[in-house]
Amino acid sequence: MQSYDFQGIESKWQAAWRSNPKLAFDPQNLDNAFYNLVMFPYPSGSRLHIGHWFNYSGIDIFGRFKKMQGFNVFQPLGYDSFGLPAENFAIKTNIAPQDSTAKNIKIMNEQIDGIGGMFEDKYRMITSSPEYYKWTQWLFLKLHKAGLAFQKEALVNWDPVDQTVIANEQILPDGTAERSGAMVEKKMMKQWFFKITDYAEDLLDFSELNWPAKTITMQKNWIGKSQGTVINFAGENFEIECFTTRIDTVFGVEYVVLAPEHPLLKTIVPESHMDQVSEYQNQTALKSEIDRSSTELEKTGLFTGAYVTNPLNGKKVPVWTADYVIYTYGTGAVMGVPAHDARDFIFANKYKLAISQVIQSDSDLPVLEHGTLINSDKYNGLNTSEAITAISADLKAMNKGELQTTYRLRDWSVGRQRYWGCPIPIVYDPEGQVVPIPEEHLPWELPTDVDYKPTGVPPLGSSKQLQANVEKIFGPGYRAEFDTLDAFVCSSFYLNRYANHADPSQLATEEQMQKLIPVDLYMGGAEHACMHLLYVRFIHKFLRDQGLFTCNEPVKRLIHQGIITKDGAKMSKSKGNVVNPDDYVNKFGADVFRMYMMFQGPFTEGGDFSDEGIIGVLRFRDKLLRFYENPKELDATKESDYKRELNSLLEKSIKDYENFQFNTVMAACMEFYNFIAKHGAEQNGLESLIQILAPLAPHLAEHAWHELLGKTESIFLSQFQEVDKSALVSNTCVYAIQVNGKMRASLEFDTAAEKESIIANVSQRPEIAKYLEGKEVVKTIFVPGKIVSFVVKG
RNA sequence: GCCUGGAUGGCGGAACUGGUAGACGCGCAAGACUUAAAAUCUUGUUCCUUCGGGAGUCCGGGUUCGAUUCCCGGUCCAGGUACCA
């Protein structure tokens, strides 16, 4: 064999593909379109790592497979380029995020080209470009007009040294800020939100999704619908609204607990307790929500000095504050029922609070199960669900509460006190009132004369450009919104923009919205299950309600690629375990590396990276090339075996490609090769094998297709051979013979053989007869084509 | 903590709706070719064994003629946990 010049061959075909219009997406022919979308990357400063490579090879394999099934494949890849890392880099180096991002994109583009993917260069859009973020702002304005973009007070992570809001990611496990080292606090600030909770019910309808079941389960739990009751406990001149799913235990209430952030604490705490409560609030501000909800950590809490009255039995109970109550869930206040709630029980024991049982049971407290009410006046004898109905109805009649559905889902906080994000298209008039920026002024550009370093004011506050622009358009006394948008907003609608990204006049054409959406296949990491993938659905449903779409979901089929770890951990620069794919691509070529990555295991599971075994794929490539250069003729006596092997290769591979089981496609190709290497092949087998391999090893396949099989048109314009089902039928089958569930023999029979004759034959065989001798056969199980199983006694 | 997954030879993994566990590849061993090595090819390779068999898919139970697969309980690992995206 001549040595295979993979570098020359790969770059030759990459160029040929790029200049072949038949291989490109045809925007005029959307009826036959297959929208094959992969989640776009963040252009970080480090090069593509193995995980990216795995991901983009995977989408490309599927796209090429669809291309070979005759679809007009649309496979764009852009950049989600707003975000924290470029800003942190700017703070450190004073290099503008615009510049570092452009540089990173250039490098990543080159690396992506090296994969040999059929990504559409023409559609490589970038979310931080004004042409793109004009539409992010357009979306914001639409949401604002619909009343779904609003401001409210919310807790943020506050770095008291840098005088800035910081991301969760920037906080170290000990609660200090990564950059400044200060102890991070929680602080209330006015923030922009999108009202995703209005769509909670709609988002719980998963009926049109061909998504992994686990993703749907995660979203369902994330939204967390729960039916319960709100109940008002009255104090001297205030009311505390509590949410509970167990209003049947209301006669067991011994105290009421407010989350430490609860605004009522400001007003209800008597002077005598104020200092202690403030101190407790400060303590809590230092804890993370994960720590707070842990059942392992000891519960803490504090009596506030206030009392409220239970509206159902008139009992006066103390008001506490405790950090196991989360402000953002329910009403931020709970009723304490120590006898029937595990956390309340621990809490009451620790603080020596009373415990009264109101659900009948013989077991020890706390009794968490549903049951019959006791010590509950007129509700005694009712069961839990009857009592919930009756008590809720009575509360409603008293105007002290009612049945209510609560969701765990919170509104989407979209405001960021950062520079490197999409500017929020809002200004404030001289009275401080919100004024949306009219659409004709979009894109509302991000200024460049800013101080990236944290100074106590958001970076946009330092821009003279921005202020001048505001005054020019709106007049003196107006001020810009300094917050920018969460990068998740940019990625919540990008799928609609790719096809039309060069057209400034509309988000997408009518035809594109009708025919490209929903996306046929969307691929991305499972880590996006609850946030990005929920935001995309929310925004789609909103745009549908605005009349842009008729379909209910943005994405038909979803696939998660597995995570490629190194030494058991997710690759990250900070862990120093990033594997660079370039070394392998340079050494073995893109095809071998693609095949190797896919052969390693199921695509949807990923795994720990190791290069042990890449040699096997390299050997396979070379063996294959040698065989194609000098093919062996089919041994005539193996004709029917050959047909069976070939057709089972076709059938299995096409099914496995469809299910993203690329590892077994590779195995099937190797198996078929092993067969033909031994017994020879005909032209149809040589062509089919190279076609099946083409999505995995596109350059190699194209090379062999032209140079070794003499074809003149691209292999990606060819189609797979039809499966001949009749060739798959064998005239014998092997039965596993079991006695009492243990395998004792495997015997071959004619496919047409009758059950009775097989059983009779089997029981005569010496290797089976010795186990049946002197025993009574109680039962014989016969599974056609598979199993004969004897159950014996004695 | 909570939500969601995962665990199969020395290693990566395969196994249709409960039906012969270990396909395919790596590694390893032996052999062929070679002065030798590399490359290539052939054969073998879950473990134990008194060679009859026995054990075996994270651990402990259960359902079944039969469980990697279904059910209950646990261990460990991973992802997410709302301002990384």
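What you see is a predicted model; the values in this text were computed from it and never measured. What you see below is based on every heavy atom in this structure, not just the backbone, and it leaves out hydrogens, waters and symmetry mates. In the text below, chain A, chain B and the rest are named by the order of the sequence lines, each starting its count at 1.
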Go through [options] for me and flag the one nearest to the [X] side chain.
| X | options | answer |
| --- | --- | --- |
| A:P602 | B:rG13, B:rU4, B:rG79 | B:rG13 |
| A:Y771 | B:rG79, B:rC24, B:rG53 | B:rG53 |
| A:A487 | B:rC26, B:rA85, B:rU20 | B:rA85 |
| A:V734 | B:rA85, B:rU20, B:rU81 | B:rU20 |
| A:S413 | B:rC83, B:rC24, B:rU4 | B:rC83 |
| A:S789 | B:rU20, B:rG19, B:rC41 | B:rG19 |
| A:N663 | B:rA55, B:rG13, B:rU4 | B:rG13 |
| A:E527 | B:rC26, B:rA85, B:rC24 | B:rA85 |
| A:M670 | B:rC24, B:rA85, B:rU4 | B:rC24 |
| A:L84 | B:rG79, B:rG54, B:rA85 | B:rA85 |

What's the base orientation of B:rG60: syn (chi within 90° of 0) or anti?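 Base orientation: anti.
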Taking syn as within 90° of 0 and anti otherwise, name the glycosidic form of B:rG9.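 Syn.
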Does the [N] base have a donor-acceptor partner in the side chain of [X] within less than 3.5 Å?
| X | N | answer |
| --- | --- | --- |
| A:Q600 | B:rC24 | no |
| A:Q738 | B:rG19 | yes |
| A:Q170 | B:rC83 | no |

Please report the distance separating the [atom1] of [N] from the corresponding atom of [M], rounded so that it comes out in whole Å.
| N | M | atom1 | result |
| --- | --- | --- | --- |
| B:rA32 | B:rG12 | C1' | 30 Å |
| B:rG61 | B:rA39 | P | 48 Å |
| B:rC48 | B:rG52 | C1' | 14 Å |
| B:rU20 | B:rA15 | P | 13 Å |
| B:rC84 | B:rG13 | C1' | 32 Å |
| B:rA55 | B:rC70 | P | 24 Å |
| B:rG10 | B:rG22 | C1' | 14 Å |
| B:rG31 | B:rG79 | C1' | 49 Å |

Applying a 3.5 Å limit to both distances, which nucleotide forms a Watson-Crick or G-U wobble pair with [N]?
| N | value |
| --- | --- |
| B:rU81 | B:rG1 |
| B:rG44 | B:rC28 |
| B:rA14 | none |
| B:rA67 | none |
| B:rU57 | none |
| B:rA36 | none |

For [X] and [Y], I'd like to know if the aromatic rings sit close, meaning centre-to-centre distance below 6.0 Å.
| X | Y | result |
| --- | --- | --- |
| A:F89 | A:Y452 | no |
| A:F206 | A:W211 | no |
| A:F347 | A:F345 | no |
| A:F609 | A:Y584 | yes |
| A:F782 | A:Y735 | yes |

Within this structure, what is the [atom1]-to-[atom2] distance between [X] and [N], rounded to whole angstrom?
| X | N | atom1 | atom2 | value |
| --- | --- | --- | --- | --- |
| A:Q661 | B:rG25 | CD | P | 19 Å |
| A:E605 | B:rA15 | CD | P | 10 Å |
| A:K786 | B:rA21 | NZ | P | 14 Å |
| A:M531 | B:rU81 | CE | P | 6 Å |
| A:F599 | B:rG25 | CZ | P | 7 Å |
| A:M743 | B:rG56 | CE | C1' | 15 Å |
| A:R410 | B:rC83 | CZ | P | 8 Å |
| A:I166 | B:rC84 | CD1 | C1' | 13 Å |

Option passing ring-ring contact (aromatic ring centres under 6.0 Å, His included) with A:F140 (candidates A:W192, A:F150, A:Y133):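 Result: among A:W192, A:F150, A:Y133, A:W192 is the only option passing the ring-ring contact (aromatic ring centres under 6.0 Å, His included) with A:F140.
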Describe the nucleic acid contact of [X] in one word from base, sugar-phosphate, nothing, applying a heavy-atom distance below 4.0 Å.
| X | answer |
| --- | --- |
| A:V617 | nothing |
| A:Q191 | base |
| A:S746 | base |
| A:H532 | nothing |
| A:I787 | base |
| A:G415 | base |
| A:V739 | nothing |

Would A:R744 pass as a cation-pi partner of A:Y771, given that its NZ or CZ must be under 6.0 Å from the six-membered ring centre and within 45 degrees of the axis?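 Pair A:R744/A:Y771 counts as cation-pi.
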Only one of A:I105, A:N104, A:T101, A:T127 passes side-chain contact (heavy atoms from CB on, under 4.5 Å) with A:Y79; say which it is.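 So the option named by the test is A:I105.
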So A:W412 and A:F488, ring pair (Phe, Tyr, Trp, His ring centres under 6.0 Å) or not? Walk me through it. CA-CA 10 Å; A:W412 176 10; A:F488 274 127; 7.2 Å; no
Return no unless some side-chain N or O of [X] is found under 4.0 Å from OP1 or OP2 of [N].
| X | N | result |
| --- | --- | --- |
| A:R744 | B:rG54 | yes |
| A:K214 | B:rA78 | no |
| A:N168 | B:rA82 | yes |
| A:K770 | B:rG53 | yes |
| A:R619 | B:rC26 | yes |
| A:N88 | B:rC84 | no |

Counting only heavy atoms not in A:K350, do more than 12 sit closer than 6.0 Å to its NZ atom?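 Yes, enclosed.
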Starting at the 5' end of RNA chain B, which residue's closest nucleotide do you reach first, A:P85 or A:A736?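 Nearer the 5' end of the strand: A:A736.
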